[in-house]
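Keep in mind that what you see is a predicted model, and the values were worked out from it rather than measured.
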Amino acid sequence: MNRCLVCDEGMEQALTWRSLLKQAEARAICEGCEGKLNRITGETCSMCSRELGGDHITGALCLDCSRWERDREWGGYLSKNISLFHYNEYLKDIIAKYKYRGDYALAEVFVPFLKERLKYMEFDLVTVIPLSHERLTERGFNQGQALADLLGFQTVEILTRIHTEKQSKKSRQERMSLPQVFQVMQSDLLEHKSILIIDDIYTTGTTLRHAAKALILAGAKEVSSITLAR
């Protein structure tokens with residue numbers, strides 16, 4: 001019997017014609033725990049996946065993305081971010097165990113959900129947001145790389161981090177005026193390529209936009225991202 005990686009309860013899989021005919025990937029999370037994950041649904045910002053109110057038209061940008069796109073320094077670099085779940089308290093706790101407490105196995109919980117969305121995304125190369133040496137030593141692994149590995153992707157190390165200052169507590173204007181935090185390596189790999197970045201959380205979008213800008217200026221054709229939470 002498989003056990004849920006979140007609550008450790010046993011999971012019995014009912015044998016049905018559907019399960020026999022369709023070789024679905026086994027889930028690493030039980031139905032009860034999966035039900036606590038709040039999926040992003042309905043009308044969303046066409047750029048960052050933020051859920052929009054019912055009065056927004058299809059293809060609309062949220063206020064934050066509209067501001068980013070109007071800014072001369074930042075507009076036009078990140079094509080789209082797909083996020084799967086709302087960053088509620090339940091998911092925050094799972095990601096904290098995974099990311100900060102070293103529970104690497106929890107990455108398996110999200111693999112089927114990521115695969116489901118990735119079927120509809122087109123890209124040439126996959127990369128992840130690099131951690132600073134200090135963060136990598138502290139955690140023991142890169143959370144985005146762990147997801148990419150379990151998804152079976154051969155990632156390319158294109159970016160290196162040159163500034164490590166935390167951005168989450170800064171105002172929007174402070175984030176937008178920060179110096180570039182990434183530097184591109186192996187720019188010859190990027191020419192006319194569509195790049196997919198895998199990361200865990202889209203918070204303000206600053207980190208992903210820094211990465212996208214660096215990649216586009218180095219020759220990439222397009223940069224998109226997929227994240228667990230928004």
> Any chain of hydrophobic side-chain contacts (each under 4.5 Å) joining Leu217 to Met185?
Replying inline: no
> What is the minimum heavy-atom distance between Cys65 and Arg209, and which atoms define it?
Replying inline: SG-NH2, 3.5 Å
> How long is the span from the CG atom in Leu208 to the SG atom in Cys48, to the nearest 0.5 Å?
Replying inline: 10.5 Å
> Which atom names give the shortest non-hydrogen contact between Phe85 and Phe110, and what distance separates them?
Replying inline: CE1-CD2, 4.1 Å
> Between CD1 of Ile197 and CD1 of Ile226, what distance do you get to the nearest 0.5 Å?
Replying inline: 12.0 Å
>> Does this structure show an ion pair linking Arg67 with Asp71, if we count only N-O contacts that are shorter than 4.0 Å?
In response: no
> With Ser194, which residues qualify under side-chain contact (heavy atoms from CB on, under 4.5 Å), at least two apart?
Replying inline: Asp124, Lys221, Glu222
> Hey, quick one: are Leu131 and Val181 part of the same hydrophobic cluster, counting side-chain heavy atoms closer than 4.5 Å, chains of contacts allowed?
Replying inline: no
>> Quick check: closest heavy atoms across Ser46 and Lys80, and the distance to 0.1 Å?
In response: O-NZ, 2.8 Å
> So which heavy atom on Ser66 is nearest to which on Leu61, and how close?
Replying inline: OG-CB, 3.5 Å
> Got a donor-acceptor contact below 3.5 angstrom from the Glu69 side chain to the Gly76 backbone?
Replying inline: yes
>> Once rounded to the nearest 0.5 Å, what's the spacing between atom CZ of Phe182 and atom CD1 of Ile158?
In response: 12.5 Å
> In terms of side-chain geometry, is the basic nitrogen of Glu51 or Arg230 positioned less than 4.0 Å from the acidic oxygen of its partner?
Replying inline: no
>> So which atom in Ser49 and which in Ile40 form the shortest heavy-atom distance, rounded to 0.1 Å?
In response: O-CG2, 3.3 Å
Return a table of donor-acceptor pairs under 3.5 angstrom between the side chains of residues 136-155 and protein atoms on other chains or two or more places apart.
from   : atom 1 : to     : atom 2 : distance (Å)
Thr137 : OG1    : His133 : O      : 2.9
Arg139 : NH1    : Gln143 : OE1    : 3.0
Asn142 : OD1    : Gly144 : N      : 2.8
Asn142 : OD1    : Gln145 : N      : 3.1
Asn142 : ND2    : Ile129 : O      : 2.9
Gln145 : OE1    : Thr155 : OG1    : 3.2
Gln145 : NE2    : Asp149 : OD1    : 2.8
Gln145 : NE2    : Thr155 : OG1    : 3.1

> What's the shortest heavy-atom distance between Tyr77 and Trp74, and which atoms?
Replying inline: CD1-O, 3.3 Å
>> If you define the side chain from C-beta out and look only at heavy atoms, does anything of Leu228 sit under 4.5 Å from Leu114?
In response: yes
> Roughly how far, to the nearest 0.5 Å, is the OG1 atom of Thr127 from the CG atom of Leu190?
Replying inline: 9.0 Å
>> Run the side chain to side chain contact (heavy atoms under 4.5 Å, CB included) test on Val6 and Leu106 for me, step by step, so that the C-alpha distance in whole Å, both residues' side-chain angles and the decisive distance to 0.1 Å come before the verdict.
In response: CA-CA 7 Å; Val6 177; Leu106 283 173; 4.2 Å; yes
> Would Leu78 and Ser225 satisfy side chain to side chain contact (heavy atoms under 4.5 Å, CB included), going step by step from the backbone distance to the final call?
Replying inline: CA-CA 8 Å; Leu78 181 66; Ser225 60; 4.1 Å; yes
> Do you know which of Leu215, Leu159, Val126 makes side-chain contact (heavy atoms from CB on, under 4.5 Å) with Ile195?
Replying inline: Leu215
>> Checking the side chain of Lys213 only, and the main-chain atoms of Gln180 only, is there a donor and an acceptor separated by less than 3.5 Å?
In response: no
> Can Ser83 and Thr227 be counted as having a side-chain donor-acceptor contact under 3.5 angstrom?
Replying inline: yes
>> Is there a side chain to side chain contact (heavy atoms under 4.5 Å, CB included) between Gln186 and Val156? Walk through the geometry before answering.
In response: CA-CA 9 Å; Gln186 307 183 76; Val156 289; 5.7 Å; no
> Once you round to the nearest 0.5 Å, how far does OH of Tyr87 lie from OG1 of Thr203?
Replying inline: 7.0 Å
>> Just verifying a value: how many Å separate Asp64 CG and Cys45 SG, rounded to the nearest 0.5 Å?
In response: 8.5 Å
> Taking a hydrophobic cluster as the set of Ile, Leu, Val, Met, Phe, Trp and Tyr residues connected by side-chain heavy atoms closer than 4.5 Å, whether directly or through intermediates, do Ile94 and Tyr100 fall within one such cluster?
Replying inline: no
> Are the side chains of Tyr202 and Ile82 in touch, meaning some heavy atoms are under 4.5 Å apart?
Replying inline: no
> Would Glu34 and Arg39 count as a side chain to side chain contact (heavy atoms under 4.5 Å, CB included) if you check the C-alpha gap in whole Å, the side-chain angles of each, and the deciding distance to 0.1 Å?
Replying inline: CA-CA 10 Å; Glu34 184 177 333; Arg39 290 204 190 207; 4.0 Å; yes
